[in-house]
Amino acid sequence: MADHPQRIAARFTAAGSRARRTSSANRRTKLLPWLLMAPTAISVIAVIGYPLVQTVWLSLHEGQGLMTGEWVGLGNYVEMFTTPATQAAFVRTLVLTAVTVGGAMLIAFLTALVLNSGLPGMRLLTVLVVLPWAMPRVSAAILWKWAFDSQYGLVNWVLVALGMDQFEGFSWFSTGPSALVVVSVAIIWAKVPFLAIALLAALRSVPGDLVEAARLDGANAFQTLVRIKLPIMRPVVMVLLILATIQAFQAFDHIFVMTVPPGGPNHSTEIISLLTYLEAFAFLDGGMGSALALLSFVVLALITYVYVRAQREELR
């Protein structure tokens, strides 16, 4: 009986030791994922964080090439938002982004529907759809520039052959609106293959039993597409919209290659990405170039946030 209190104390001591060991194991378990992610997180911070901070710092100074000049504070941003050329380039960028993203998504979705139809020859057509994606964009831009040439271009020849004589010798790159049309066509053509293949994969991921059940309930092909397939495909579509918007907002190579001088005629095809390049490397104004780059970063971050927020609301 005298040992009874000692046994009770020993049991409490053992229980406390087990609790401490369990708590320590839980802490290690929670800490392990962070330790595994640490190398990647450090690499991301080093690759993205440092250039971003450096760009912000450079944008607050007067541009002297890519070197840091005199401190101007928000002077570059004030000049950027009050300069008519920058305002026009920003509006032009938004319009070009909306046109190319909307056009590319529509054509890619229709292409994906055709490829998913099961008709004969769809495998060969899939290969042909992917081919433009494999072509370097600069090479593709040169081909499109040749196709719309005023004297030797294929497009003018086809239009004249169809009875549209007003396109005889028509110069597509002599005015801003027509030049933007050509650039938009080239950008859409380059975007469609990736979007079409991604949408085709999303279409084929829709469970067949849901489609069959909808057909047994009397739904036609259009109703099945709108009420069954599209809701299931929405997460993929949202991701593709984000990627396509980022790429369109940063369109550079097509305009740089296809217009002479880049952004011409008379600055009518200049967009923010091209203006950033011209300010930083042609005019050697690194401060203004950095401010324009940050403008693109903020706008794209806001657009991405809106897309992601809309997707989360849909999931709720």
Side-chain angles (χ1 to χ4, degrees), residues 93-135 140 144 155 158-159 162-164 180-181 183-251 299-316:
T93 303
L94 294 179
V95 173
L96 184 67
T97 299
V99 171
T100 55
V101 172
M105 288 295 294
L106 177 61
I107 296 174
F109 187 71
L110 295 177
T111 304
L113 290 177
V114 173
L115 295 177
N116 195 48
S117 63
L119 296 174
M122 289 301 102
R123 291 186 178 180
L124 176 60
L125 183 58
T126 302
V127 174
L128 295 177
V129 168
V130 174
L131 285 180
W133 190 24
M135 181 178 294
W144 278 107
V155 174
V158 171
L159 293 175
L162 294 175
M164 303 179 188
L180 282 175
V181 168
V183 171
S184 299
V185 170
I187 293 175
I188 290 173
W189 180 83
K191 287 180 177 298
V192 165
F194 169 73
L195 297 176
I197 297 303
L199 289 172
L200 175 62
L203 278 172
R204 291 181 176 176
S205 67
V206 177
D209 54 350
L210 293 180
V211 177
E212 186 64 25
R215 290 175 179 173
L216 291 176
D217 288 339
N220 55 35
F222 180 77
Q223 291 172 331
T224 302
L225 175 64
V226 173
R227 298 183 180 180
I228 303 296
K229 295 182 179 180
L230 282 180
I232 296 176
M233 294 171 58
R234 185 174 286 112
V236 176
V237 173
M238 295 299 293
V239 172
L240 292 178
L241 278 174
I242 293 174
L243 295 177
T245 301
I246 293 174
Q247 293 176 352
F249 202 89
Q250 296 177 336
V299 172
L300 289 175
L302 290 175
I303 293 175
T304 303
Y305 172 78
V306 170
Y307 279 147
V308 173
R309 183 67 179 270
Q311 179 61 27
R312 288 180 178 177
E313 293 296 331
E314 288 290 338
L315 293 177
R316 291 177 183 176

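For reference, positions follow the sequence shown, starting with 1. Side chains included, hydrogens not; waters and symmetry mates left out as well; all remaining heavy atoms used. Predicted model, so just to flag it, every value in this text is computed and none were measured.
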Requested in this report: Kindly indicate, with the supporting measurements, whether the criterion side-chain contact (heavy atoms from CB on, under 4.5 Å) is fulfilled by Leu199 and Asn116.
Outcome: CA-CA 10 Å; Leu199 289 172; Asn116 195 48; over 6 Å; no
Query raised in the report: Side-chain contact, heavy-atom cut-off 4.5 Å: Ile303 with Thr97?
Result: no
Pairs under 3.5 angstrom only: tabulate donor-acceptor contacts from the side chains of residues 119-128 to other protein residues two or more places apart or in another chain.
from, atom 1, to, atom 2, distance (Å)
Thr126, OG1, Met122, O, 2.7

Query raised in the report: CZ/Phe109 to CE/Met233 distance, rounded to the nearest 0.5 angstrom?
Result: 5.0 Å
Query raised in the report: How long is the span from the CG atom in Leu200 to the OG1 atom in Thr111, to the nearest 0.5 Å?
Result: 10.0 Å
Query raised in the report: Has the side chain of Gln223 got a donor or acceptor atom that lies under 3.5 Å from a matching backbone atom of Asn220?
Result: yes
Query - Any Leu180 side-chain heavy atom under 4.5 Å of Val99 side chain - result: no
Report task. Sort and list the pairs that fulfil ring-ring contact (aromatic ring centres under 6.0 Å, His included) and have at least one residue in residues 214-247, not counting sequence neighbours. Result -> none
Query raised in the report: How long is the span from the CZ atom in Phe249 to the CG atom in Leu96, to the nearest 0.5 Å?
Result: 10.5 Å
Could you pull out all donor-acceptor pairs under 3.5 Å where a side-chain atom in residues 206-216 meets a protein atom, sequence neighbours excluded?
none

Requested in this report: Over 60° means perpendicular and under 30° means parallel, so classify the ring planes of Phe194 and Trp133, tilted if in between.
Outcome: tilted
Query raised in the report: Would you call Val130 and Pro193 a side-chain contact if the rule is heavy atoms closer than 4.5 Å?
Result: no
Query raised in the report: Rounded to the nearest 0.5 Å, how far apart are OG1 of Thr224 and CD1 of Ile228?
Result: 6.5 Å
Query raised in the report: Is there side-chain contact between Ile107 and Lys191, with heavy atoms separated by less than 4.5 Å?
Result: no
Query raised in the report: When rounded to the nearest 0.5 angstrom, what distance separates OG1 in Thr304 from CE in Met238?
Result: 10.0 Å
Requested in this report: Mind checking the CD1-CD spacing from Ile187 to Gln247? Nearest 0.5 Å is all I need.
Outcome: 10.5 Å
